[in-house]
Structure formats: C-alpha cells, structure tokens
Amino acid sequence: MSFGKGHHLHLIDGSAFIFRAYHALPPLTRKSDGLPIGAVAGFCNMLFRYVEDNKQGDAPTHAAVIFDHSAKTFRNAIYPAYKANRPELPEDLRPQFPLTRQATRAFNIACIEAEGYEADDIIATLACRARAAGGTVTILSSDKDLMQLVGDGVEMLDPMKNRRIGPEEVFEKFGVAPDRVIDVQALSGDSVDNVPGAPGIGMKTAALLIQEYGDLETLLARAGEISQPKRRAALQDNAELIRISRRLVALDCAMPLEVTLDSLEVHPPQPEAVLSFLNAMEFRSLTTRVAASLKVAAPPMEAARGAEVTGAHDAPEAAPSLPFDTAAYECVRDAAALERWIAAIRERGVVAVDTETTSLDEMRAELVGISLCVQAGTACYIPLGHRQGGGDLFGSSALTEGQMPVAQALALLKPVLEDDAILKIGQNMKYDAKILARLGISVAPIDDTMLMSYAMHAGLNSHGMDALSDQYLGHQPIAIKPLLGSGKSAVTFDRVPIDQAVAYAAEDADITLRLWELFKPQLHRAHVTTVYETLERPLVPVLAQMEMAGIQVDRDTLSRMSNAFAQKMAGLEAEIHDMAGEKFNVGSPKQLGEILFDKMSLPGGEKGKTGAYATGADVLEDLATEHELPGRVLDWRQLSKLKSTYTDALQDHINPETGRVHTSYSLTGAVTGRLASTDPNLQNIPVRSEEGRRIREAFVAPKGRRLVSLDYSQIELRILAHVADIPALKQAFREGQDIHAMTASEMFNVPLDQMTPDIRRQAKAINFGVIYGISGFGLARNLRIPRSAAQGFIDRYFERFPGIKGYMDDTVAFAKANGFVQTLFGRKIHTPEINARGPGAGFAKRAAINAPIQGTAADVIRRAMVRMPAAIAGIDAKMLLQVHDELLFEVAEDAVDTLIPIAREVMETACDPAVHLSVRLTVEAGHGANWAEAH
DNA sequence: GGGCTCACG
DNA sequence: GACGTACGTGAGCCCG
C-alpha cells in the first residue's frame, strides 16, 4: 500500500541533532584509537531515545533523518555571501559526520541528503509530497527556518523541549501565519545565515508591515504610503535585496529527489546491525541498553577490553557484567540467616546498606526493614516492621508473621555497622544514618555514592539513585510509586507486601554497591578524591547531628504574629477592593493584572509568554507613583508571604516529640557546593525587612542557653579579591575599610569622608554584580538607571580594577576549553551549556564566572563545619544551622564567651593548610535569647 | 504540575 | 537592529 491517508511521516533534522550532541558532551574519543566520537555518542543516544519514545502511542508509519550534504548550495548562486559568516566547523566534528549517517542506518532509519540542497529543502519537498498524498507530517526540529512549512497536516516538534509547534506557535514567534513567515524573514534578514533583508527592519517591524499590507509584494508596491521616512526608504531602496532575501529563505518544495515516500516505511532496528555498530564505537553502556531493549544479549567488547571513553560520564565500565535478578535476593527472617549475612560482610569488609521506613522525614520515620548487599547480585532484605493491610479504625494493625524482632536484628547488626574495619556504603547515607542513630546505632565509616557522583559530575546530571542506575548501569530500578500508590490511596512502606519489598529494597542495595564499585576508581581519575574525602563525606555526620538537634521555635510567638498579620491583611484587602471598585482575589496575579491594566488602564501592562500581565514587585513599585492601589498590594503581599510561608507553615514543622524544628540539608542540592535546606527551608528566614525580621524572634534558645551567630564578613568579595588578584581590593580588606565605600570612592572620585549612602549603595550593587557576572542590563534593572549609565559604571569598574575583566575572560575560556570550572579547593562545577549558542550562552557564562567564587565560599564553610565538632567538644554548645556564610549555635549561657573565640578561629582559618588566601577572612559574632538578637 | 512571586545568601 | 540577561536556592499560591 502506498503512502497516503492515515500515514504519518517523521522528518528528523539530523544536522541539528549532531550539533546539539556535539556541544552537549565533553570531547570524547574512542579509547582504542583516539577517534573523536562525542557527537556520535550523543547522536546515538538521541536516536535510541527517539526509537524508544516512538514504540507506542502515535508512532509514525514512515520516518527519515535528513542531513545537509555540503556547504555549497543553489543559494550561493543566488547570493554568494549566503552563510558566508558561518564559523569554521570544529576540526574534531567533521570526521564524525559519516559516522552519524552510519549510525542512522544502523538503527534502520532512512537517511537522506542531496548535493546542492540544504536539509531544509529535502524536508520541505518530502513534507509537501506527503501532504499532497493525504498523509500527516511531523518535523522534529526547532529551526525557525522550517516554520514556513507548518499547517495543513504538517507540524513541528521541538525534540529538546518536547514542544509541539503548530500554526499558533509560529504566529507567536513571527507575528504572522506560517504562509507569510518567509515574507517576514525576507524583510528582517538573518545575521546567522547572512541573509541581508531590509536595513533597519527587525522581526517586530517586519511582522507589523506584513500584517498591515498582507504580503511582501503588496508591501513593496505600496511602500510609498509608509509614513515613517526611514522605513519607507529602507523598503524602496532595497526592494531587490529584499526579493533576493525572500528567495534565500524560501524552501524548495519541489526539488528533484529520487527517494520515494514508500521507501521510508518504519522498520524496527535489526539487533545485529545496531549492536555491531555501537560495539565498534565502543559505547559500552549504550550497547547494553540497546541490547536490553531489543531483548538480546549484548555482544562482548572486542577492540579494547576494559577500555574507557575518556572524559565520558556515560562511561563504558558502566556496563553491568551481571544482570539484575530480583529472584536471587534473599528475605532474611531469622537470626540464623542474618548471622550468615553478617559473616559474609565481615569476610568482605564492605557492605551496601539501605533502610526502608514509613516517611521521608527522618525525624518521624519508623524503620520498616533493612537491605544489605555484599557483592553485585548478592543482596538481602530484612523485613522488620511490615504490617497486614487494612488495619482497624485507628489505622493500627498487627505485624506480619515471619519477621525478626527489631531489637534482635539491630543487636546483631550494631557491631557491624559501628565496626571501624567495615565500610558501609549508602546512597544518601545521611538519611539512613539518622534513622539508625535514632535507634542507637552510629554508622561509621561510610561511603556515599550520591556524594561521589556529586563530586565528579556536579552540573552534569542529577545524583538520585534512579538516574544514576539508569545512566551508569543501564538499568531501571523498580519504581516505588506502584508499590505505594499515590494520592488518597497512598500507603506507607510498612503496608507493602514483603515479597515485593524484598525485590525493591534488596535491588536498591545491589545498585548502590554496583555504583560504588564503578565510582570508586573514577574519583581518582577525575581528581576529586580530595574534594570527596574532605568536603563531602565528613560532612555527613556533622549535618546529621545538626538536623537531629533541631532549633527550638516558639509556637505562641508565631501564632500571635500570624493573627496580627491576618488582621492587617484584612484591612488592606478592604482598602484594595474599595480602590478597585470591586472584590477580587488579591493573591491572584491574573486577577490583579486585569484590574490594574484592563479595568484601571494603568500604564506599563506587559504580558508574558503565558499571556498574563506581569505583576511582580518591580512592576508594582513603578506603578505606585501612579496610584495608591499597587502600594497596598505590595504591603499585602509582604504580609501574605510572611504569614503563609513563615508564621503558619513553620508551626507545622515543629516536631511534636522534640518541640523543635528539624530542617534537612541537601549536600547535592546546589551545583556550586552550597548546601540547600528543605522541610522547612531555614536558609531563607526573613531578615531584610523590619517586619519580617521579627519572625526570627520565634527562633529561641531554651532557658539557660543562648543562640550565637557567627558569620563571614564579605567572604565572596574577599575570594574575588584573591582569585582575580586585585591589589586595591586586597589593601582595602587589609586595612579593614568599608569595601563598598572604597569602591564608590574609587569609581566616582568621591573622597571617603564625603561619601553619601546613595553613592555607596550603587557601588555595592556593582560589587555584587561583578560576582554574578555583571551585565549592563542587569545592573540597570537593579539600580533603576538607564542602561547606558549602567554600562558606563561597568566600564569604569573594569578600568579601575583591571584584574576583574581578566579573571572573567579567563574563567569563561577555561570553561569553554574544559567543560567545567573549579574552586580553589578543587571542586569541579561542570558547565555543559557553555559552548551553546543563543540566549543560553549568556546564562552559562555568568554561571561559570560566579561558580568558582560562590563555590569556594561554600568549600570554606564546609571545612569549618567539618572541624567544628572536635574544636568545641569540651564546650556545652551545639551547632544548629548553616546559612551559607553563617553558623548558628545553641550554647549554655556561661559558655558563650568560651565558644565565640574558638569557633571564630576555626572559621577564620578554615582554608589552612590547603589554600593560602592573600586576603584574610574575618568573622563577626553576636548572641542573644533569639535569632533576631543574635544576628 | 507549571508559572509566578518572593524569602534568603 | 534585535534579543535576552545579573549568581545560587525553596516554598506557597493560583489556575488549568
């Protein structure tokens, strides 16, 4: 049957896939001969994902991958400068092109290119033919040049964002329907492809003109009617150039092409062809995954046994030698069985441990079972707290039969878990260590696969077990969701039948052990062993202690404040409704936007991409000069935030047993090395506004004790002064000057004794801007000054402190060359987007500039925290919280004066002896009955 | 569940 | 000429 109605054709933009793959991955080479294969590796991964994704659902009946053939096309005959300003291809990319064609055929997908034509023309021609035959077409690409083809059975799919692009999306981008896209492109031109267009006319203007005149020829014919002289001239003087531009951007829908649609019919990959290709490329992990998907055995690696794709995080040793077999896992039900496992652990000296509990909140979770793994494939699960389903009215029910008493199991395990000679491996061991600590077992020594992954690959991928297993072992772990259910019918792990729990839990321990075996040697090769050993692993027990200690929060104080906020909010709400002349939900940005900009017609209403008006604080502040309502909304919002997020939600986090709030710190939550605090987040308790600051009065010390706060003074600016080597900044710090005032004086030629708060404020904003990878736009917005003035400030700053620009350029260059940046202590932060094009490039650059500074500061306080417990061991004091540059302690009243100098010394000398800063770090201290007083 | 808004360093 | 921009986080609310 030939292609026609009911058939669906996928046209894949192969060249875009290649470039995306090339820039997304580090420069990998084939181990056996050094052949560059990074783009091929990424390309194959994308193809595999494409094949997997299209197994079900609205799968295409026909498909092809389209490539560009060569740089010269018929368009060069029309306009020689077409695409003339394209940068040279990277030299390690060109040799990969033929391999991507081979890869496509290996996956049994048709592969098309044609001399003298661009891939886009082939796509256009095939799309037109398919449409004429009555079929439908999806073009897998996000290239705007293809958008002219959309409509009437043809749509695009952005494979990266998984976003459908139909006529509406095209209109959103170009301001005209798909059939007029080339008119707009002809007018606006394209700097990337070197399409000239009309000088002085951009996309916005072009769309406006086409909307008004209907099409390009009419517009050119009636150009004389345009009232703006510049526009009129641009069109009249360049009519020919515009017509040429139109021929350049118009795709050829009827090029000669021997391929028939029928020959593009979809066939599943032939295992032998695809596996032998992947094997020849030495993609071990992908070979395994593809083999698993095709349900055949992976071929043995031939060329390079034990080979490694250098720099690859999709490393070949990821291939599991042993398949996962849940049936082989043992359920341990009595002491005799557990003793056999303990003997095996003692013999090996290493064990992966995982606990199953009733909650993600370690302070409330009840132990349900423990799994152990001593070598890949050899794992067990010890059920301890499983209960019969159902339960009575009160939810309680009897323990399932065939489980050891918890006390007996723990008594047997405790000596092993606490044995110095036995390494306990976990994935996020802080969680399990806390569960076991509450049961009287202090687990040590430990290794943690999540932290190993973080030390090696921060910025590259996430570090959860499912992701790691999939990525490095080519294995999808059993999902927890089907076991627990979701929504109202969700149950806790103790209700999971034991046989299912065995498979799930033992597999987790098995995966953890396999990941550890894989990561352990890699740490060294990635040169992050020291980072892992000094900044990650030793922090686990320190954070566990802090989290378990918790901080006392006074419920009555919060409750009183909450009531006061509610009253004020009610008053403001009435005022706001009055001014608006109607009742509406003040908390709804959508409704507020409509009131402000539609009903009241205030100026400056701008709709975002979702079509809603922006009503952020910056917008409302600008409007406050026009009307009183926006100011009231700002006040209301502040109170609403304080009430819902702090005075109310915080009360729910007070643990009923301890009466304290126990946050949880994530060691891998921020790519830069900072910690992140969750459930609740105690790193964003208000302090900047006077009203918010009072929330901190609810964070108290118990009777007879005090809260002590120690924080680093200007740590990031000091680190900047050191790494960028800025003599003026260093000297100012050495002399204990006000750093922002000094900057202001230097920049604006104002003597220090004549400094005004406003000038200092501007300098402060610039200092912070520098740390963030400053841009004229960003500074302008922050200071609410014209962009030109902001740019002037920045130029002047770079002039006065020449090392800064050098540091920024060097950092970005390093990131581009290496794919990561580093802190002074060797922490790596990967920057995979740094070589990308488009707006993402700006983000990546600024992040790369900021990361070494923010990351070094994070390393410094981590070092201080690791050393703190030993330093304050003799003092009646506990470290409770970390807020990036601050440590908060709870201390016996009479020990405050002892603690402060000792803790300060630890913090100020935290860099020693690994790094010698040319600027000394200083720490400010305070104490009080509550956090507001202490800070 | 995504987007908006806003709290912190 | 046009585009989009300060860095790093987490949480609560609205709304489809």
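Note on A:Gly773: nothing from the nucleic acid sits closer than 4.0 angstrom, heavy atoms only. Among the protein residues, A:Arg787 comes within range of the nucleic acid bases, having at least one heavy atom under 4.0 Å from a base atom. Within the nucleic acid shown, A:Ala851 has no heavy atom closer than 4.0 Å to any nucleic acid atom. A:Phe768 comes within contact range of no nucleotide atom at all, as no heavy-atom separation falls under 4.0 Å. Note on A:Ile685: only backbone sugar-phosphate atoms sit closer than 4.0 angstrom, heavy atoms only; bases stay farther off. Looking at heavy-atom distances under 4.0 Å, A:Thr678 makes contact with sugar-phosphate atoms alone, never a base. At a threshold of 4.0 angstrom between heavy atoms, the contacts of A:Ala857 with the nucleic acid are absent. A:Glu716 comes within 4.0 angstrom of nothing in the nucleic acid, heavy atoms only. Within 4.0 Å (heavy atoms only), A:Ser640 reaches no atom of the nucleic acid at all. A:Ala780 comes within 4.0 angstrom of nothing in the nucleic acid, heavy atoms only. The residue A:Gln638 sits close only to the backbone: its heavy atoms come under 4.0 Å of sugar-phosphate atoms, none of a base.
Across the protein-nucleic acid pair, A:Leu639 atom CG and C:dC13 atom P stand 15 Å apart, rounded to whole Å. Whole-Å rounding puts the A:Arg163 CZ to B:dG3 P distance at 11 Å. Taking atom CG of A:Leu592 as the reference point, atom C1' of B:dT5 lies 12 Å away to the nearest angstrom. In this structure, the CE atom of A:Met808 is 12 Å from the P atom of C:dC7, given to the nearest Å. For A:Arg827 and C:dG8, the CZ to P distance is 15 Å, given to the nearest whole Å. Atom C1' of nucleotide B:dC6 and atom CG of A:Asp648 are separated by 16 Å, given to the nearest angstrom. Between A:Arg637 atom CZ and C:dC14 atom P the separation is 12 Å, expressed in whole Å. Between A:Ile719 atom CD1 and B:dG9 atom C1' there is a gap of 13 Å when expressed in whole angstrom units.
Closest to the A:Asn681 side chain, of the nucleotides C:dG10, B:dC6, B:dT5, is C:dG10. Of the candidate nucleotides C:dG8, C:dA11, C:dC7, C:dC7 has the atom nearest to the side chain of A:Tyr772. Checking C:dC15, C:dG8, C:dC3 against the side-chain heavy atoms of A:Ala670 singles out C:dG8 as nearest. If you check C:dC13, B:dC6, C:dT9 against the side chain of A:Ala617, the one that comes closest is B:dC6. Comparing C:dG8, C:dC15, C:dA2 against the side chain of A:Thr672 picks out C:dG8 as the nearest. For A:Ala765, the listed nucleotide lying nearest its side chain is C:dA6; candidates were C:dC15, C:dG8, C:dA6. You'll find that the side chain of A:Pro589 is closest to C:dC14, out of B:dC8, C:dC14, C:dC7. When each of C:dA6, C:dC14, C:dC13 is scored by its nearest atom to the side-chain atoms of A:Leu779, the top-ranked nucleotide is C:dA6. In the set C:dG8, C:dG12, C:dC15, the nucleotide with an atom closest to the side chain of A:Ala649 is C:dG12.
Panel note: side chain A:Arg696, backbone A:Ile685; a donor-acceptor pair is recorded below 3.5 Å. The backbone N or O of A:Ala234 sits less than 3.5 Å from a side-chain atom of A:Asn238, completing a donor-acceptor pair.
To the nearest 0.5 Å, atom CH2 of residue A:Trp636 and atom CE of residue A:Met569 are 4.5 Å apart. For the atom pair CG of A:Leu881 and CG of A:Leu888, the computed distance is 5.0 Å after rounding to the nearest 0.5 Å. Here OG1 of A:Thr678 is found 10.0 Å from CG of A:Leu360. Values are rounded to the nearest 0.5 Å.
Comparing the same atom, P, in B:dC6 and in C:dG4 gives a spacing of 22 Å after rounding to whole Å. Taking the P atoms as reference points, C:dT5 lies 14 Å from B:dT5, given to the whole Å.
Of the side-chain N and O atoms in A:Asn684, none sit less than 4.0 angstrom from OP1 or OP2 of B:dG9. When the side-chain nitrogen and oxygen atoms of A:Lys641 are compared with OP1 and OP2 of C:dA11, none of them lie within a distance under 4.0 Å. A sub-4.0 Å separation between OP1 or OP2 of B:dG9 and a side-chain N or O of A:Arg688 is present. OP1 and OP2 of C:dG1 both lie 4.0 Å or more from every side-chain N or O belonging to A:Ser188. Applying the 4.0 Å criterion to OP1 and OP2 of C:dC7, one finds that A:Arg846 has a side-chain N or O inside that range. Between A:Gln683 and C:dA11 there is no side-chain polar atom (N or O) within less than 4.0 angstrom of OP1 or OP2. For the OP1/OP2 pair of C:dC15 and a distance below 4.0 Å, the side-chain nitrogens and oxygens of A:Ser588 include at least one atom meeting the criterion.
When each of A:Ile774, A:Leu779, A:Asn767 is checked for a side chain to side chain contact (heavy atoms under 4.5 Å, CB included) with A:Tyr797, only A:Asn767 meets the rule.
Projected onto DNA chain C by closest heavy-atom contact, A:Asp679 and A:Lys204 fall at different nucleotides, the more 5' of which corresponds to A:Lys204. In this structure, A:Gln854 and A:Pro199 both approach DNA chain C, and ranking their closest nucleotides by distance from the 5' end singles out A:Pro199.
Figure legend: A:Arg846 and A:Phe843 shown as a cation-pi pair, the cationic atom lying under 6.0 angstrom from the six-membered ring centre and within 45 degrees of its axis. Geometrically, A:Lys828 engages A:Phe820 in a cation-pi contact, judged by NZ or CZ lying under 6.0 Å from the ring centre and within 45° of the ring axis.
Of all nucleotides present, none satisfies the Watson-Crick or G-U wobble test against C:dA2 with each distance under 3.5 Å.
Counting heavy atoms from C-beta outward, A:Leu667 and A:Leu539 have side chains that approach closer than 4.5 Å.
Judged by atom type and distance alone, A:Arg781 does not reach the base of C:dG4 through any side-chain donor-acceptor pair under 3.5 Å.
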